[in-house]
Amino acid sequence: ILPMDDNLKGLLAQKKAQLKAKQKRAEIQQYKDRLTKNIEDFSQKYRYADEAEEVKLGKFISKLDFAQPGQLSIQEVCPYPHENVYLCFLMGTEALFQIFIFGKYDDILRDYDEWEVFSPCLLLVDEDFIHYAYVNDDGEVMESQVS
């Protein structure tokens, strides 16, 4: 076996990375298609977060205190009147963690049975990126905020 040329190794690594990214996008799209199809009036009630919102949500989630993956440990409960929120899935496949749905708090909770199929634990982040509601796997809703 001949030693592989460094340029060829680099090209191969680049092709592998491109393929992995393409597969990841396809998996995310499959979930989005399923959500859109399974939830009644999806496009009238919800939209997906854009790139800028995704970055903000990533920063927000990194500030939270997880007891274990998917399980939030909430220090203090502070009720808050939620309006528009981002729905974040806290359990499931890696692709699900990258899908953020924006809609009215009440609509999202009304459609809880549909979301629960994808992830038993949900995080609803307010558009102010301070307040949030956590729905655990028993369907209990706890409201809190980041400091």
Side-chain angles (χ1 to χ4, degrees), residues 8-147:
L8 204 54
K9 273 186 189 170
L11 192 62
L12 189 61
Q14 190 181 348
K15 290 286 183 203
K16 276 185 180 173
Q18 286 173 344
L19 182 63
K20 198 170 186 170
K22 188 178 176 182
Q23 287 171 330
K24 193 181 212 171
R25 280 194 306 274
E27 190 182 353
I28 289 170
Q29 192 55 52
Q30 282 180 326
Y31 274 113
K32 285 183 174 181
D33 292 345
R34 272 179 56 197
L35 288 163
T36 306
K37 194 178 71 192
N38 289 356
I39 291 162
E40 208 174 308
D41 301 326
F42 185 94
S43 56
Q44 278 97 57
K45 294 194 281 193
Y46 308 114
R47 69 168 174 82
Y48 292 105
D50 64 26
E51 282 182 44
E53 292 167 322
E54 287 176 14
V55 168
K56 285 182 182 173
L57 285 163
K59 285 181 184 163
F60 181 90
I61 291 169
S62 72
K63 293 180 196 171
L64 297 178
D65 183 18
F66 288 93
Q68 54 186 320
Q71 302 290 333
L72 262 181
S73 53
I74 292 180
Q75 310 308 323
E76 61 175 317
V77 175
C78 33
Y80 180 77
H82 303 284
E83 300 239 345
N84 293 320
V85 293
Y86 296 94
L87 166 66
C88 310
F89 296 106
L90 291 181
M91 296 180 96
T93 67
E94 197 182 327
L96 264 180
F97 300 141
Q98 295 178 34
I99 296 175
F100 304 109
I101 295 165
F102 184 76
K104 295 220 172 304
Y105 178 82
D106 294 339
D107 285 340
I108 288 176
L109 284 186
R110 260 194 299 276
D111 286 333
Y112 177 72
D113 291 350
E114 303 295 340
W115 311 121
E116 191 184 25
V117 171
F118 295 93
S119 173
C121 299
L122 304 173
L123 176 67
L124 306 176
V125 179
D126 255 74
E127 59 188 338
D128 66 5
F129 291 100
I130 296 169
H131 299 90
Y132 64 91
Y134 168 61
V135 186
N136 68 16
D137 49 4
D138 292 328
E140 298 169 326
V141 180
M142 289 175 276
E143 300 180 351
S144 191
Q145 65 183 36
V146 292
S147 44

In this structure, CZ of Phe66 is separated from OH of Tyr134 (nearest 0.5 Å) by 8.0 Å
Side chain of Asn136, backbone of Asp138: donor and acceptor closer than 3.5 Å? yes
Closest heavy-atom pair and its distance - Ala133, Val141: CB-CG1, 4.1 Å
Working to the nearest 0.5 angstrom, can you tell me the gap between Asp50 CG and Lys56 NZ? 8.5 Å
Neighbour count above 12 (heavy atom, 6.0 Å) for Glu83 CD: no
Measure the shortest side-chain to side-chain distance between Gln14 and Leu11 over non-hydrogen atoms and say whether it is less than 4.5 angstrom. yes
Nearest-0.5 Å distance that lies between atom CG in Leu90 and atom CZ in Phe97: 7.5 Å
Is a side-chain donor or acceptor of Tyr31 paired with a backbone partner of Gln98 at a separation under 3.5 angstrom? no
Does a side-chain heavy-atom distance below 4.5 Å link Asp65 with Gln75? yes
Does a donor on one side chain sit under 3.5 Å from an acceptor on the other, for Glu53 and Tyr86? yes
How long is the span from the CG atom in Leu64 to the SG atom in Cys88, to the nearest 0.5 Å? 9.0 Å
Measuring only between side-chain heavy atoms, which start at C-beta, is Leu96 closer than 4.5 Å to Met91? no
Could you tell me if the ring centre of Phe42 sits under 6.0 Å from that of Tyr48? yes
To check you understand the geometry: which heavy-atom pair defines the closest contact between Lys104 and Val85, and what is its length? C-CG2, 4.5 Å
Is there side-chain contact between Tyr46 and Ile108, with at least one heavy-atom pair below 4.5 Å? yes
Taking atom CD of Gln44 as the centre, report whether more than 12 heavy atoms of other residues, nucleotides or ligands fall under 6.0 Å from it. yes
Taking Asp126 for the side chain and Asp128 for the main chain, is one N or O donor matched with an acceptor at less than 3.5 Å? no
Rounded to the nearest 0.5 angstrom, the CD-CD distance for Glu27 and Glu94 is 8.0 Å
I'd like to check Phe129 versus Lys59 (side-chain heavy atoms, cut-off strictly below 4.5 Å). Are they in contact? no
Heavy-atom count check: over 12 atoms from other residues, nucleotides or ligands less than 6.0 Å from Gln18 CD? yes
Aromatic ring proximity Tyr132/Phe60, centre distance under 6.0 Å: yes
CD1 of Ile101 to CH2 of Trp115: how many Å apart, nearest 0.5 Å? 4.0 Å
